[in-house]
2 protein chains.
Amino acid sequence: MDATPGTTPVPDAVPDPAPDPVPDADAAVVAGEAVPSDRVALDRDRILAAALAHIDEQGLAGLTMRRLGHRVGVEAMSLYRYVPGKEELLDGVVELLIGDLRMDPDVLHSPTHGWQDFLQRLAHGVRRVALAHPKAFPLVASRPPEAPWLRPPLRSLEWVDAFLSGLLEEGFSDEAAVAAYRSFTSFLLGTLLLEVSAHGADVGPLDVVDDHLADDVEASRHATVWRLRHDLAHDAAATEFEVALESLLERLTLVRSELG
Amino acid sequence: MDATPGTTPVPDAVPDPAPDPVPDADAAVVAGEAVPSDRVALDRDRILAAALAHIDEQGLAGLTMRRLGHRVGVEAMSLYRYVPGKEELLDGVVELLIGDLRMDPDVLHSPTHGWQDFLQRLAHGVRRVALAHPKAFPLVASRPPEAPWLRPPLRSLEWVDAFLSGLLEEGFSDEAAVAAYRSFTSFLLGTLLLEVSAHGADVGPLDVVDDHLADDVEASRHATVWRLRHDLAHDAAATEFEVALESLLERLTLVRSELG
DNA sequence: GCGCCAGCCTTACGTTGTAAGTGCGACCGA
DNA sequence: TCGGTCGCACTTACAACGTAAGGCTGGCGC
């Protein structure tokens with residue numbers, strides 16, 4: 001019994017070479033199965049998924065070509081047959097993240113119940129992705145966009161087009177739709193980046209901060225911060241998101257009629 | 001252009017050792033001058049300033065301990081006498097950036113002309129810093145904050161305290177002040193991050209995008225994006241910032257009275 | 001004169017991304 | 001059945017990185 005769960009220094013789960021438990025590989029192939037060995041075939045999607053999983057577990061800095069190779073049961077250089085380099089790999093992870101949006105059944109591709117419902121669903125979908133992968137989400141912001149007007153976190157032509165087309169269908173003028181696009185992306189990026197960042201630094205439940213920081217706060221200086229420390233630590237991100245989104249939509253209603 | 005550290009022979013401009021042009025060093029010292037050689041004394045502030053300048057010119061990926069050392073005329077390891085490591089160096093650069101805020105004569109430390117004026121000035125001050133250092137500003141967002149409630153881009157106790165105290169003076173309740181703090185930081189972060197990111201990707205004036213992207217756009221798919229491409233490329237960040245900020249302040253007025 | 005020590009340099013190690021070449025197994029036309 | 005080709009992983013190698021450890025030097029106090 002190797003790999004006892006309590007002791008391993010590296011939690012990676014390499015699939016273990018497993019000296020081919022299949023007695024007759026040809027038979028398996030004939031039977032319609034894929035590769036007989038449990039070492040499943042490598043491909044770009046599997047690599048990207050592994051990279052995302054690795055980031056979720058170890059953080060961005062923990063992702064290394066060698067470590068990623070090890071995780072998928074392969075030497076680092078083998079990855080380069082499927083991915084041109086590390087930069088492109090990270091871009092692929094970002095694509096994967098926004099790809100999750102398409103799979104989300106609660107996110108609509110066009111405003112079938114009004115534009116407010118459309119944007120509400122989209123915003124919540126993006127937030128779900130961000131919260132599901134807090135360590136990876138900053139990538140969505142930090143990767144250079146393919147075009148200056150392809151703004152995170154809506155980083156694909158597909159979604160930008162869906163966004164704009166959707167609003168146009170709903171009576172937005174060209175200018176209003178573009179303005180709404182800019183406001184919406186700024187809002188999502190700022191809010192979600194701060195929310196996942198708080199999650200990352202979320203070590204203890206509250207009150208526990210660095211000593212020197214605590215000293216600074218406690219000492220008469222910064223008295224207000226000290227007094228409000230509990231309010232500041234209190235996490236009401238979900239309802240705040242709701243409120244701020246609602247307020248944004250109200251503002252967009254104005255934009256819609258003013259620039260109509 | 002950079003990012004691949006493999007080939008460039010480094011175009012840095014080292015100040016040139018300059019074999020001590022001063023004939024009598026003691027005389028210079030007596031005369032009240034600093035170190036006689038033009039190789040000025042190294043210290044933490046000079047290192048941080050050089051690091052910021054380097055990031056401004058070469059980008060974040062271009063900053064290396066060796067290159068930074070070379071820039072200040074010193075071997076890489078000498079930097080470690082003043083800075084514990086690269087992480088702390090980057091934190092120092094962030095401090096330096098927010099330190100610029102304190103120097104800004106248009107930014108007030110307390111609301112002497114009403115809280116709206118106070119926040120307006122603060123917001124514009126932060127935006128000025130972001131635009132002055134577009135390559136470095138993302139650092140403000142990506143460095144892990146010292147405490148979860150110390151939200152970028154207001155990353156120091158000093159400013160958070162000033163913010164909260166200021167609003168309390170102006171009639172905000174505790175809850176309203178904290179809520180305003182959260183909204184304000186989200187707004188600034190999202191807006192400015194996207195603005196500097198657009199500046200970074202700003203290669204040509206407009207229309208020039210990657211070929212494959214252009215193909216995707218041009219081909220019947222994404223027809224709306226294609227049609228609105230000029231509106232999308234049109235940069236009205238300044239006035240949009242103004243409008244969005246105004247709208248935020250209006251909303252905070254409501255928060256102030258509702259949670260009052 | 002002597003030792004101390006701040007400040008810088010040198011050397012060295014482990015790790016990173018990746019260019020280049022090697023080797024092996026599966027397929028395929030003869 | 002046999003080479004030949006080729007896809008795919010492995011091996012080796014290199015430059016650059018962050019940084020640990022220690023060495024030199026020149027100006028200071030005693």
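All values below were derived from every heavy atom in this structure, side-chain atoms included, with hydrogens, water molecules and symmetry-related copies excluded. A note on names: the letters A, B, ... follow the listed sequences, proteins ahead of strands, and every chain is numbered from 1.
- Partners of B:Phe187 according to the ring-ring contact (aromatic ring centres under 6.0 Å, His included) rule, which considers only residues two or more places apart in sequence or in another chain, are B:Phe241.
- In this view, B:Arg102 and B:Glu158 satisfy the salt bridge (charged side-chain N to carboxylate O under 4.0 Å, His left out) rule, not counting sequence neighbours.
- Put simply, NE2 on B:His70 is 12 Å from P on D:dC17, counting in whole angstrom units.
- Under the side chain to side chain donor-acceptor pair (under 3.5 Å) criterion, B:Glu75 pairs with no residue at all, not counting sequence neighbours.
- Computed from coordinates, the A:Arg81 CZ to C:dT22 P distance equals 15 Å when rounded to whole Å.
- Applying the ring-ring contact (aromatic ring centres under 6.0 Å, His included) rule to B:Phe184 yields the partners B:Phe163; only residues at least two apart in sequence or on another chain are considered.
- What separates CD of A:Glu88 from C1' of C:dT18 is a distance of 12 Å, to the nearest Å.
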Output one line per pair: protein atom, nucleotide atom from nucleotides 10-17 of chain C, and distance, for all N/O pairs under 3.5 Å.
unit_1 : atom_1 : unit_2  : atom_2 : d
C:dT16 : OP1    : A:Thr64 : OG1    : 3.2
C:dG17 : OP1    : A:Lys86 : NZ     : 3.0
C:dG17 : OP2    : A:Met65 : N      : 3.0
C:dG17 : N7     : A:Arg66 : NH2    : 2.7
C:dG17 : O6     : A:Arg66 : NH2    : 2.8

With a 3.5 Å cut-off and sequence neighbours excluded, list the donor-acceptor pairs that the side chains of residues 90-101 of chain A form with protein atoms.
unit_1  : atom_1 : unit_2   : atom_2 : d
A:Asp91 : OD1    : A:Arg143 : NH1    : 3.1
A:Glu95 : OE1    : A:Arg44  : NH2    : 3.4

